[in-house]
Student: 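The structure under discussion is supplied below as structure tokens; questions concerning it will follow.
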Amino acid sequence: MEEKGEDLSAELLLNGLESQLEELDEAEYDLPSVSAPTLESILNETADEEDDVVSNSGDSEFGRLLGTFDTESLVSFDDPDRRRKRRVYEGHGSVLKHTVLKGISSQIVSAQTRINAGSPTAMVVDVLIAIGTAHGIVYIFDPSQAMKWSLGSTNTGVQYGSVSCLAFNVDCNRLLAGYAKGQITMWDLDTGKLLRTITDVHPMGQAVLHVKFTDNRKVALCADSGGSVFDMEFNRSVSGRGCVSRCLFSGSRGEVCVAEPLHIPEHARNATNAQTMLVAMITFTKVVVINLRPEVKIVFSFPLPGQADCLPLLSWIYAGIKISGKDALFDPVLAVARESTFHFFQAIIRSAKTVEFQRLQTSEVSYKVGAFCWINSMTLAVMDTFEKIHLVDVRSWEELEVLDMCDMQFVYSTSFFKGLATGGNVSPALSYAGDHACYYSMMTFKSQLFVLGKKSVHVMTTRTWQERLDVLLRENRHQDAIALALTFYEGTAKSVIGLPSRPERRQKIVADKLLDILYTYVDLSMTKLCPVFGRIDELINHYENVVPICVEYCLRLNRIDVLFGRLYERFRQDVIAHGAFLECLEPFILDDQLKAVSPEIIKDLTSHFQGKDMLSRVEACIVHLNIISLDIHETVKVCWENGMYDAIIYISNQGMQDYITPLLDLTQVLRDAINSGKQLSDTHVKLGKQVTRVYQQLIGWLSLSHRLIGRRNSCRTNPSEKPYPYMRTFLDFDTREFLNVMALAFEEDEFGSSDKKHLRQKVVDILLQIMVDETGYTPKQTGMLYTFLARQLARHNSSIRLNKRLFEQVVEFLCKPGDDSHKEERQEALLELLTKYGLHDKILLTYLNDPTRCHQAFSFIELTLTDQLINTIHEKIVDVTLAHLKPLTECDSVRTARLLVDVLRVNLLQVVNSLEGEGRTQYQLLQALVTEREARDTIMFDTELYDIYVELMCKYDSSLVEMYLKTGHGYADETVYQICKKYHQYDSMAFLLEKMGKVQEAFDMMLKTFKEKIDLFMEQITDKRASKHTSNISLLCQQIDGLLLKAIGLCQRNCGRLSEQQREALWFPLLDAVVEPQHKLSSDNSHITVFKDASRQVMNCMMGYIELPAIMAKILKEFTFSEGRFGDVKDLVMGMLGTYNYEKTLMSTVSSMLNGDLMNQLVEKRSLHSKAYVPVKDTCAYCNKHVMSTPSRVQLTVFRCGHMFHEACLDRSGTYTHTLDDEVVYSCYLCSQSEHTRSRPASSSHGLQRGESVSTPSQSTTVQSQQRKISAMNSVPNSTNHNPASQEVAGAFRRQQTERRRNKLLSTADLTLRLIPPSCIDSSLLDDT
């Protein structure tokens, strides 16, 4: 079961009205007292003690239905071994008590067989139970399950059909019954008489699906299979009883599947809600809530989509709504469900006319919902389409229990929704969805769930909290009962009944019950549940499972007195249980859950673990206990006897606030062990670590730590004792750890105060006196002291003084070569010392001389040079860096280059020249510098650097020269050519010659190399030992192919700027070079294909640059007739001709396609520009003067956007430009201003007409120039235009160019001018198109 991610704006309270009080009041809530069972009820009980069936021989109400376990359905009475399936969720126990109303069930079965009453079809429950049958009879049962009335007869069923729905009024003295054929009857339940037969409320021929009484005893509702809802107002006059009805919702607007009025309980009724009458209805698409009083009004609607085969469901309840930070409100809640989704809404009644709905939550279940009812305001009973009842907690949306009811033959109302009794005159939607209709088969009354089967009536009642515990206890599930009781105690249990709402009273009641269960569980664990014949390890495992439960729950209840009282005494009676109890206390003590333990328990705990030689576990427990609960004298005595030093320190510190005495005593014990000359035992090693750790914790307490470390003599009066015995003890035990502790102590604030700075020097003097002035310490220990002194000098040089000789010894040790012990530590100390005294150049040398840390030199240089140090330090760092460029470059050439460029900012040429003689290093540095230069153009780079770089590249990486020359820049071509010539880089030389424009020389050099490779290839293949040169031959083939491609590429790149004769001078020698070897090889030689392929490739490439007759003449003259072997060149000639035909066809096709596209574009342009432009207004867009008032000889201009201007106004606006042909091109003044203001593309401001479109800015410019002129000349079109405004703006130039521009525009393909006078413009054309 899952909950949607929507947050709750408010939450349903866990308790209903009853939980608002401190305790349940049986008299106030009409809870009957429990009487002793009768003889008949005892005789009617089944053999299974879990089944609880209520007979028909008692006088108790339905609210007294007792029992806790599953019962058998009447359909399974013939099979006593068959039991109903129940799924109980761990942590909740059995929440529902399932009961079969045997008295009612037996009478239903008897009526079916004796009087042919038919099977049950509908049920309604209140103080009475009414059950309708398929043959029109309604049975009324009282709380004792005795039949009170039998209403109607089988003749009623013949006339009216089956009972389809039932409803009690508020007083439960009237009953409404709806029938399958459309009639409604009202019965008096006091007399059993028929009061009304209603046939005119709704259209007959449609089944009555729902009848409901409202809180008003005279008003009821009914819904039929046509989907309509009606209200009925009953009246009584002299003429008899009557009924006035009206349609509230018509089925033509959507079939209503269910309608439910809101019943306001008496305790919630007030002056505001008493004036309202809310009715909720659901169609297949939405939820609608209407208010019938004081006037019919829709107050809420909500869409409710879903699958067509699922009917919607709804139910009202009054519940406490608690909003965070506010008091709880008691408001109605509407629950709506369809498929697997639930929606909850809070109805807020502010006045008789104002009702608001607020969405509380939306939740999902993992099954399809068939029906649901409110058990109480915190619990829902949901039946799925597989007839399983799910008990769900509304607030947490947690499933508490599941009951499988599939054997009870659940009653459905499918026949009424399909209209079987009326000829099926229902909508397809209602008929299709009615398969699971069961609105009158499951309902609740006073927190009891009633379910109707074909042969039985079932009741599910929520158990009280004690009953839920008793169920688990009867099943011997004591651990589950204890866990469930704890949830009652902590207030986290769900669907709890019978407990007061106040936490104090609830916890007191539950705690007493929980302790009783715990006592019982312990007694059973040591008697019945104990493995009597088991082995000892089985007994230990048994008690190890029992004891933690007792300890945990006593701690949760805060009842330590019970744990170490009655429970401990009970476990103490068994030796194995006693030991298990003591051992199980350990994890609770170590987790600080159990802080107080009696001295007696500590004594027993010590004795138990001492017997198992596990005193370390006792020690671990002691340091976690509250010192008040210990017998300090006895505990300290035991700790000294058994060497539990941690416990001794803990008790002294916490109990007596003494931090020095235990350290002195323990240090003396450690000193005696060291002075014995024997190897330290594990106990003494542990002691030394403990004392060192404690002293480390006391380093902030200067007075205490100094009293211990700085003591000159111990507490003993031994004349042979050396001074400072305690410091000697720590140094002898672990020199490094003690010095680390002292280093931490020196960092404390107390050592930094002005009046106590001398203490640092005092401690240093003591250390020097013990370890340097005297003998007995190894060089390794002395070296640790020197490292410590170096660090302290670097950090506290103002408060520590060393003589010069000792300082030199310290530095000498730190720089000691050949000693790899703690090398990193010594280096760090030396760096700190050198940094403190400004010896940065020495530090840099240290980095550079250590290959493993050379990479750290870059960061050190950058940080040093960017730090605010004196200039002399910067100069030293720069000098050292430049003097050690070789190790830096070998370490990381890229970072070295960036260091030179970004940090040092030195002359790169001088730096590179300083590495002369170190060619490989020089090349690596230049390579990194060139890469940086290509990435950043701001770096100043001399041409000479490129020359050096190319020369070094020719020496160390010649394969990259040609690639660099093609991609690089900045080098001098002539100089680099000479360098390449010096190192015989022919490919690079050819590239440079071509770059300098010496194409023929470049080709000759390339051809020479090509011929040399061919000659070498010919020697290899004609050699008799050619089989030995297979690999060389393959390599030569690849080289020949590569050189050929380069030669062809050179020819193709340069033929465009050469004459025909120069092109032939390039291509024909190349062709000769690949054809000539073919004459030397026989036709059956396999290697001849290499040259044939090369020849074909050359001729195919040269065809685009050499005329075909020249190629044919070359072939026929040079090769064919001189030797008489046309077959040798036949393939070449045929290939050329095929290529020629292919290219000819391709050229023709492309030309045809281009001509067609050009023609289509011209036709489109002609069609586009042959259309007239229509102005949008009959006024000039610039001066706003009407065109009809314009003189007949004034010229008008209309743009594609529809704006019209006087030509003089356009001149005045200045929206024109001059082209190269001295032509004036205008643009629309309004559109230009709009484009400038809005910063939008020009195309968006033009109103293109008649399907014209503009997609790019370049096109929009064309559109602006495409304008239509309207000439207003009635007599002579070519006469001169006299316009004063034009003379002011354009002057003489404008008058001279008018005719020329107009003629040019008329002849332009993009522009077509319509010359018409203004008087000929029809006003109808000026509308907005």
Side-chain angles (χ1 to χ4, degrees), residues 1141-1178 1181 1187 1195-1205 1207 1210 1215-1232 1234-1235 1240-1273 1277-1278 1297-1318 1320-1322 1324-1329:
N1141 290 329
Y1142 168 74
E1143 292 182 352
K1144 179 181 178 181
T1145 305
L1146 182 63
M1147 182 65 71
S1148 175
T1149 303
V1150 172
S1151 177
S1152 177
M1153 293 174 62
L1154 291 176
N1155 291 334
D1157 288 343
L1158 180 59
M1159 183 62 184
N1160 292 335
Q1161 293 179 7
L1162 291 175
V1163 170
E1164 183 179 356
K1165 281 184 172 292
R1166 183 179 181 281
S1167 175
L1168 178 65
H1169 294 287
S1170 62
K1171 298 176 181 178
Y1173 291 172
V1174 180
V1176 296
K1177 293 182 179 180
D1178 57 355
V1187 296
Q1195 197 172 40
L1196 300 175
T1197 302
V1198 180
F1199 290 91
R1200 181 174 299 179
C1201 56
H1203 298 139
M1204 180 167 58
F1205 298 89
E1207 191 167 300
L1210 283 178
T1215 55
Y1216 59 88
T1217 58
H1218 294 276
T1219 64
L1220 296 177
D1221 297 334
D1222 204 15
E1223 176 188 349
V1224 179
V1225 179
Y1226 289 92
S1227 59
C1228 178
Y1229 171 73
L1230 293 181
C1231 296
S1232 300
S1234 176
E1235 292 166 11
R1240 296 170 57 183
S1243 60
S1244 63
S1245 63
H1246 284 275
L1248 302 180
Q1249 302 178 8
R1250 302 186 184 181
E1252 297 173 4
S1253 62
V1254 178
S1255 58
T1256 62
S1258 61
Q1259 291 174 338
S1260 68
T1261 304
T1262 304
V1263 170
Q1264 291 180 1
S1265 64
Q1266 293 174 356
Q1267 47 189 311
R1268 305 255 160 113
K1269 302 280 184 171
I1270 302 177
S1271 177
M1273 294 178 289
N1278 295 328
Q1297 299 295 329
T1298 299
E1299 293 299 329
R1300 176 187 171 189
R1301 183 176 67 255
R1302 184 172 59 182
N1303 294 333
K1304 183 176 293 187
L1305 290 174
L1306 282 171
S1307 61
T1308 304
D1310 289 342
L1311 305 173
T1312 304
L1313 308 182
R1314 305 300 189 201
L1315 303 179
I1316 57 176
C1320 299
I1321 299 178
D1322 189 356
S1324 62
L1325 297 178
L1326 300 178
D1327 297 336
D1328 187 5
T1329 59

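Sequential numbering from 1 along the given sequence is applied to the chain's residues.
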Student: Looking only at heavy atoms, what is the nearest atom pair of Met1204 and Lys1177, with distance?
Tutor: CE-O, 3.4 Å
Student: Return the NE2 to CG distance between His1203 and Leu1210, rounded to the nearest 0.5 Å.
Tutor: 12.0 Å
Student: How would you list, by chain and number, every residue that makes a side-chain contact (heavy atoms from CB on, under 4.5 Å) with Ser1148, sequence neighbours excluded?
Tutor: none
Student: Are the side chains of Val1150 and Leu1154 in contact, using a 4.5 Å heavy-atom criterion?
Tutor: yes
Student: Would you compute the distance between atom CG of Leu1162 and atom OG of Ser1167 and round it to the nearest 0.5 angstrom?
Tutor: 12.5 Å
Student: Which atom pair, heavy atoms only, marks the closest approach of Leu1230 to Ala1181?
Tutor: CD1-CB, 3.6 Å
Student: Would you give the length of the straight line joining atom OG of Ser1227 to atom CZ of Phe1199, rounded to the nearest 0.5 angstrom?
Tutor: 6.0 Å
Student: Is there side-chain contact between Thr1149 and Met1153, with heavy atoms separated by less than 4.5 Å?
Tutor: yes
